[in-house]
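Since we're looking at a predicted model, the values are computed, not measured.
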Amino acid sequence: MTFSTLAACESEQGSRAGATPEQTKTAGAEGKPLGKADLERIAVTNTDLGGYDVEQILAAPWASRRTADPAECAPVVQATGGSSGFTATARIGRMMSPRKGGPGTSMILASHSARDATRVIDALRTAAKRCKTFLDIGVGFRYDEVAIQPDPGYGDESVSLRLTQLAAASADDDPVRVPYAVVAVRQGATVALFYEFNRPRGTGDADAPVVPEEIIRAQLNKLGKPTVPK
(Lines give C-alpha, C1' and ligand atoms only; values in the text may rest on other atoms or scores of the structure.)
Protein backbone atom coordinates (compact mmCIF):
# COMPACT_ATOMS: atom_id res chain seq x y z
CA MET A 1 0.00 0.00 0.00
CA THR A 2 1.45 3.40 -0.96
CA PHE A 3 1.93 6.30 1.44
CA SER A 4 -0.69 8.36 -0.40
CA THR A 5 -3.25 5.61 0.04
CA LEU A 6 -2.42 5.31 3.73
CA ALA A 7 -2.72 9.05 4.17
CA ALA A 8 -6.10 9.09 2.46
CA CYS A 9 -7.39 6.29 4.71
CA GLU A 10 -6.11 8.03 7.83
CA SER A 11 -7.62 11.33 6.72
CA GLU A 12 -11.04 9.76 6.08
CA GLN A 13 -11.06 7.95 9.38
CA GLY A 14 -9.73 10.90 11.33
CA SER A 15 -12.31 13.27 9.86
CA ARG A 16 -15.01 11.45 11.85
CA ALA A 17 -13.05 10.99 15.06
CA GLY A 18 -15.25 13.41 16.97
CA ALA A 19 -18.56 12.08 15.69
CA THR A 20 -21.17 11.11 18.26
CA PRO A 21 -22.77 7.64 18.14
CA GLU A 22 -25.98 9.20 16.76
CA GLN A 23 -24.05 11.01 14.01
CA THR A 24 -22.31 7.77 13.16
CA LYS A 25 -25.65 5.94 12.94
CA THR A 26 -27.07 8.64 10.67
CA ALA A 27 -24.09 8.55 8.34
CA GLY A 28 -24.28 4.76 8.07
CA ALA A 29 -28.02 4.75 7.44
CA GLU A 30 -27.65 7.39 4.71
CA GLY A 31 -25.18 5.24 2.81
CA LYS A 32 -22.03 7.19 3.64
CA PRO A 33 -18.91 5.07 4.24
CA LEU A 34 -17.88 4.89 7.89
CA GLY A 35 -14.28 5.02 9.05
CA LYS A 36 -12.63 2.45 11.29
CA ALA A 37 -13.18 4.58 14.40
CA ASP A 38 -16.90 4.75 13.57
CA LEU A 39 -17.15 0.97 13.20
CA GLU A 40 -15.31 0.46 16.49
CA ARG A 41 -17.74 2.85 18.18
CA ILE A 42 -20.87 1.04 17.01
CA ALA A 43 -19.67 -2.57 17.30
CA VAL A 44 -21.49 -4.70 19.88
CA THR A 45 -19.91 -5.10 23.31
CA ASN A 46 -20.49 -7.25 26.39
CA THR A 47 -22.96 -4.60 27.57
CA ASP A 48 -25.11 -5.11 24.46
CA LEU A 49 -25.06 -8.89 24.64
CA GLY A 50 -25.84 -10.49 27.98
CA GLY A 51 -24.54 -14.03 28.15
CA TYR A 52 -21.71 -13.50 25.64
CA ASP A 53 -18.07 -12.52 25.88
CA VAL A 54 -17.16 -10.20 23.01
CA GLU A 55 -13.57 -10.09 21.78
CA GLN A 56 -11.83 -8.31 18.94
CA ILE A 57 -10.60 -10.38 15.99
CA LEU A 58 -8.38 -9.27 13.15
CA ALA A 59 -9.97 -7.99 9.96
CA ALA A 60 -8.12 -6.30 7.10
CA PRO A 61 -9.73 -3.75 4.73
CA TRP A 62 -8.38 -5.20 1.51
CA ALA A 63 -10.25 -7.59 -0.75
CA SER A 64 -10.04 -11.30 0.03
CA ARG A 65 -7.73 -13.32 -2.22
CA ARG A 66 -9.41 -16.64 -1.46
CA THR A 67 -10.34 -18.38 -4.69
CA ALA A 68 -12.49 -21.36 -5.57
CA ASP A 69 -13.01 -23.91 -8.29
CA PRO A 70 -15.33 -23.09 -10.02
CA ALA A 71 -14.18 -19.46 -9.77
CA GLU A 72 -17.77 -18.17 -9.57
CA CYS A 73 -18.01 -19.74 -6.10
CA ALA A 74 -15.30 -17.49 -4.61
CA PRO A 75 -17.77 -15.13 -2.86
CA VAL A 76 -19.07 -18.07 -0.79
CA VAL A 77 -15.67 -19.28 0.40
CA GLN A 78 -14.68 -15.68 1.14
CA ALA A 79 -17.81 -15.25 3.27
CA THR A 80 -16.84 -18.25 5.44
CA GLY A 81 -13.97 -16.06 6.63
CA GLY A 82 -16.08 -12.92 6.93
CA SER A 83 -14.72 -11.14 3.88
CA SER A 84 -15.52 -10.46 0.23
CA GLY A 85 -13.82 -9.71 -3.06
CA PHE A 86 -14.25 -5.97 -2.51
CA THR A 87 -11.81 -3.66 -0.73
CA ALA A 88 -13.45 -1.93 2.21
CA THR A 89 -13.03 1.62 3.44
CA ALA A 90 -12.66 0.03 6.87
CA ARG A 91 -13.24 -3.43 8.31
CA ILE A 92 -13.27 -4.68 11.93
CA GLY A 93 -14.06 -8.02 13.56
CA ARG A 94 -15.63 -9.41 16.72
CA MET A 95 -16.07 -12.87 18.21
CA MET A 96 -19.09 -13.53 20.43
CA SER A 97 -18.60 -16.57 22.66
CA PRO A 98 -21.54 -17.84 24.75
CA ARG A 99 -20.63 -18.01 28.42
CA LYS A 100 -22.58 -21.25 28.82
CA GLY A 101 -20.46 -22.93 26.18
CA GLY A 102 -21.05 -23.84 22.55
CA PRO A 103 -19.77 -22.51 19.24
CA GLY A 104 -18.97 -18.82 18.99
CA THR A 105 -20.21 -16.44 16.32
CA SER A 106 -17.79 -14.30 14.33
CA MET A 107 -18.86 -10.95 12.91
CA ILE A 108 -17.09 -8.71 10.44
CA LEU A 109 -18.28 -5.13 9.92
CA ALA A 110 -17.15 -3.61 6.64
CA SER A 111 -17.70 -0.09 5.36
CA HIS A 112 -17.86 0.39 1.59
CA SER A 113 -19.05 2.83 -1.00
CA ALA A 114 -22.81 2.50 -1.40
CA ARG A 115 -22.29 0.78 -4.77
CA ASP A 116 -19.77 -1.75 -3.49
CA ALA A 117 -21.86 -2.56 -0.40
CA THR A 118 -24.69 -3.59 -2.72
CA ARG A 119 -22.30 -5.57 -4.91
CA VAL A 120 -21.00 -7.54 -1.89
CA ILE A 121 -24.50 -8.84 -1.15
CA ASP A 122 -25.36 -9.42 -4.81
CA ALA A 123 -22.16 -11.41 -5.41
CA LEU A 124 -22.73 -13.63 -2.36
CA ARG A 125 -26.40 -14.25 -3.19
CA THR A 126 -25.63 -15.09 -6.83
CA ALA A 127 -22.79 -17.46 -5.94
CA ALA A 128 -24.84 -19.22 -3.26
CA LYS A 129 -27.63 -19.86 -5.77
CA ARG A 130 -25.27 -21.23 -8.43
CA CYS A 131 -22.77 -23.20 -6.36
CA LYS A 132 -23.77 -26.43 -4.66
CA THR A 133 -20.23 -27.74 -4.26
CA PHE A 134 -16.77 -26.23 -4.83
CA LEU A 135 -13.10 -26.43 -3.86
CA ASP A 136 -11.34 -23.86 -1.68
CA ILE A 137 -8.15 -23.68 -3.72
CA GLY A 138 -6.00 -22.15 -0.99
CA VAL A 139 -6.37 -24.95 1.57
CA GLY A 140 -7.65 -27.77 -0.64
CA PHE A 141 -10.89 -28.33 1.29
CA ARG A 142 -14.13 -28.99 -0.50
CA TYR A 143 -17.46 -27.48 0.45
CA ASP A 144 -20.79 -29.02 -0.42
CA GLU A 145 -24.47 -28.83 0.45
CA VAL A 146 -24.47 -25.08 -0.25
CA ALA A 147 -28.06 -24.00 0.31
CA ILE A 148 -29.42 -20.48 0.32
CA GLN A 149 -31.97 -19.99 3.09
CA PRO A 150 -35.17 -17.91 3.09
CA ASP A 151 -34.36 -14.20 3.21
CA PRO A 152 -34.26 -13.24 6.91
CA GLY A 153 -35.34 -9.68 6.04
CA TYR A 154 -32.67 -7.83 7.99
CA GLY A 155 -31.48 -4.30 7.23
CA ASP A 156 -31.77 -2.93 3.71
CA GLU A 157 -31.11 -6.40 2.27
CA SER A 158 -29.79 -9.67 3.58
CA VAL A 159 -28.83 -13.16 2.50
CA SER A 160 -28.51 -16.35 4.56
CA LEU A 161 -26.91 -19.65 3.59
CA ARG A 162 -25.67 -22.92 4.96
CA LEU A 163 -22.91 -25.16 3.68
CA THR A 164 -20.58 -27.92 4.83
CA GLN A 165 -16.79 -27.91 4.83
CA LEU A 166 -15.05 -31.24 4.18
CA ALA A 167 -11.82 -30.86 6.16
CA ALA A 168 -9.08 -33.49 5.85
CA ALA A 169 -5.41 -33.44 6.86
CA SER A 170 -4.47 -35.30 3.66
CA ALA A 171 -6.06 -36.84 0.59
CA ASP A 172 -5.87 -40.26 2.27
CA ASP A 173 -7.87 -39.21 5.34
CA ASP A 174 -11.61 -39.29 5.64
CA PRO A 175 -12.85 -35.68 5.76
CA VAL A 176 -14.47 -34.19 8.83
CA ARG A 177 -17.80 -32.59 7.96
CA VAL A 178 -18.00 -29.10 9.44
CA PRO A 179 -21.33 -27.31 8.91
CA TYR A 180 -21.32 -23.53 8.49
CA ALA A 181 -24.00 -20.85 8.71
CA VAL A 182 -23.52 -17.43 7.11
CA VAL A 183 -25.74 -14.35 7.33
CA ALA A 184 -24.79 -11.16 5.47
CA VAL A 185 -26.69 -7.92 5.96
CA ARG A 186 -26.33 -4.59 4.21
CA GLN A 187 -27.42 -1.51 6.09
CA GLY A 188 -26.65 1.60 4.07
CA ALA A 189 -23.01 1.35 3.03
CA THR A 190 -22.09 -1.03 5.86
CA VAL A 191 -22.08 -4.80 5.49
CA ALA A 192 -22.33 -6.96 8.61
CA LEU A 193 -21.27 -10.53 7.91
CA PHE A 194 -21.94 -13.15 10.59
CA TYR A 195 -20.67 -16.72 10.40
CA GLU A 196 -20.59 -19.71 12.68
CA PHE A 197 -19.38 -23.29 12.32
CA ASN A 198 -19.78 -26.38 14.44
CA ARG A 199 -17.03 -28.99 14.55
CA PRO A 200 -18.29 -32.50 15.35
CA ARG A 201 -17.19 -34.22 18.53
CA GLY A 202 -16.54 -37.92 18.46
CA THR A 203 -17.73 -39.91 15.48
CA GLY A 204 -21.14 -38.34 14.97
CA ASP A 205 -22.12 -35.46 12.72
CA ALA A 206 -22.23 -31.96 14.15
CA ASP A 207 -25.51 -30.14 14.56
CA ALA A 208 -26.29 -27.44 12.00
CA PRO A 209 -25.11 -24.09 13.39
CA VAL A 210 -27.43 -21.10 13.65
CA VAL A 211 -26.29 -17.49 13.93
CA PRO A 212 -28.16 -16.29 17.05
CA GLU A 213 -30.82 -13.74 16.22
CA GLU A 214 -30.05 -11.71 19.34
CA ILE A 215 -26.52 -11.05 18.06
CA ILE A 216 -27.79 -9.85 14.68
CA ARG A 217 -30.46 -7.67 16.25
CA ALA A 218 -28.07 -6.11 18.74
CA GLN A 219 -25.55 -5.17 16.05
CA LEU A 220 -28.03 -3.87 13.51
CA ASN A 221 -29.80 -1.79 16.12
CA LYS A 222 -26.47 -0.15 16.89
CA LEU A 223 -26.14 0.62 13.19
CA GLY A 224 -29.24 2.73 13.57
CA LYS A 225 -32.13 0.99 11.84
CA PRO A 226 -34.82 -1.23 13.40
CA THR A 227 -34.45 -4.89 12.47
CA VAL A 228 -37.84 -6.49 11.94
CA PRO A 229 -37.55 -9.72 9.92
CA LYS A 230 -40.15 -10.18 7.19
Side-chain angles (χ1 to χ4, degrees), residues 1 6 9-10 12-13 16-17 21 24-25 27-28 33-49 51-66 74-99 102-113 116-117 119-121 123-124 136 138-139 154-155 158-161 163 165 178 180-199 209-224 227:
M1 184 179 289
L6 280 170
C9 291
E10 290 171 358
E12 189 280 331
Q13 292 175 13
R16 300 192 54 80
T24 299
K25 286 183 178 182
L34 302 178
K36 184 176 180 180
D38 295 324
L39 294 181
E40 294 284 0
R41 190 177 298 112
I42 60 177
V44 290
T45 66
N46 290 342
T47 303
D48 304 307
L49 285 171
Y52 290 88
D53 288 320
V54 181
E55 301 175 274
Q56 292 188 12
I57 56 175
L58 295 177
W62 47 78
S64 173
R65 295 183 179 179
R66 293 180 70 180
V76 179
V77 74
Q78 290 163 359
T80 63
S83 192
S84 72
F86 298 87
T87 298
T89 301
R91 187 178 275 129
I92 67 169
R94 296 290 186 271
M95 165 67 81
M96 284 71 68
S97 303
R99 292 172 187 165
T105 299
S106 298
M107 177 195 71
I108 304 296
L109 286 180
S111 178
H112 296 272
S113 68
D116 277 357
R119 291 166 70 192
V120 169
I121 299 297
L124 178 58
D136 179 345
V139 296
Y154 292 117
S158 54
V159 59
S160 174
L161 60 139
L163 65 161
Q165 180 192 75
V178 183
Y180 273 74
V182 175
V183 178
V185 184
R186 180 181 67 82
Q187 197 150 295
T190 303
V191 175
L193 204 154
F194 307 85
Y195 61 100
E196 185 173 309
F197 59 89
N198 199 358
R199 285 193 173 275
V210 176
V211 176
E213 185 176 343
E214 64 264 30
I215 292 178
I216 299 174
R217 283 183 174 275
Q219 183 56 71
L220 297 187
N221 282 332
K222 292 196 75 170
L223 276 170
T227 56

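- Residues satisfying the side-chain hydrogen bond (donor to acceptor under 3.5 Å, both in side chains) test with S111, not counting sequence neighbours, are none.
- Nearest heavy-atom pair across Y52 and E214 is OH-OE2, 2.9 Å.
- Between the CG atom of L49 and the CZ atom of R99 there is a distance of 9.0 Å, given to the nearest 0.5 Å.
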>> Pair L124, L161 - check side-chain contact (heavy atoms from CB on, under 4.5 Å), show working.
In response: CA-CA 9 Å; L124 178 58; L161 60 139; 4.0 Å; yes
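- Rounding to the nearest 0.5 angstrom, the gap separating the OG1 atom in T89 from the NE2 atom in H112 is 7.5 Å.
- Remark: the backbone N or O of T45 is paired with a side-chain donor or acceptor of D48 at under 3.5 angstrom.
- Looking at heavy atoms from C-beta onward, V191 lies out of side-chain contact with D116 at the 4.5 angstrom threshold.
- For E55 (side chain) and M95 (main-chain N/O), no donor-acceptor pair under 3.5 Å exists by modelled atom type.
- Atoms CE and CD1, from M107 and I215 in turn, are 9.0 Å apart once rounded to the nearest 0.5 Å.
- Between F86 and A123, the closest heavy-atom pair is CE1-CB, 4.3 Å.
- By the side-chain hydrogen bond (donor to acceptor under 3.5 Å, both in side chains) test, T105 is found to be paired with E196, residues two or more places apart in sequence or in another chain being considered.
- Distance check: R119 CZ to S113 OG gives 7.5 Å after rounding to the nearest 0.5 Å.
- Between V44 and A218, the shortest heavy-atom distance links the atoms CG1-C, 3.7 Å.
- In this structure a side-chain-to-backbone donor-acceptor pair under 3.5 Å is missing from R186 to G155.
- In terms of heavy atoms, G93 sits closest to I108 at CA-CD1, 3.7 Å.
- Put simply, CG on L193 and CD1 on I121 are 7.0 Å apart, with the number rounded to the nearest 0.5 Å.
- Closest approach of L39 to A90, counting heavy atoms only: CD1-O, 3.6 Å.
- Inter-residue side-chain proximity for Q219 and L109 is flagged as met; some heavy-atom pair is nearer than 4.5 Å.
- Separation of atoms CZ (F194) and CD (E213) is listed at 11.5 Å; rounding is to 0.5 Å.
- Nearest heavy atom pair, residue A43 against residue K222, reads O-NZ, 3.2 Å.
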>> Test side-chain contact (heavy atoms from CB on, under 4.5 Å) on Q56 and I92; report intermediate values, then the result.
In response: CA-CA 8 Å; Q56 292 188 12; I92 67 169; over 6 Å; no
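- When side chains are defined from C-beta on, R66 counts as touching T80, because their heavy atoms get closer than 4.5 Å.
- Contacts of F197 classified as ring pair (Phe, Tyr, Trp, His ring centres under 6.0 Å), with partners at least two apart in sequence or in another chain: Y180.
- The main-chain N or O of G85 is found under 3.5 Å from a side-chain atom of Q78 such that the two form a donor-acceptor pair.
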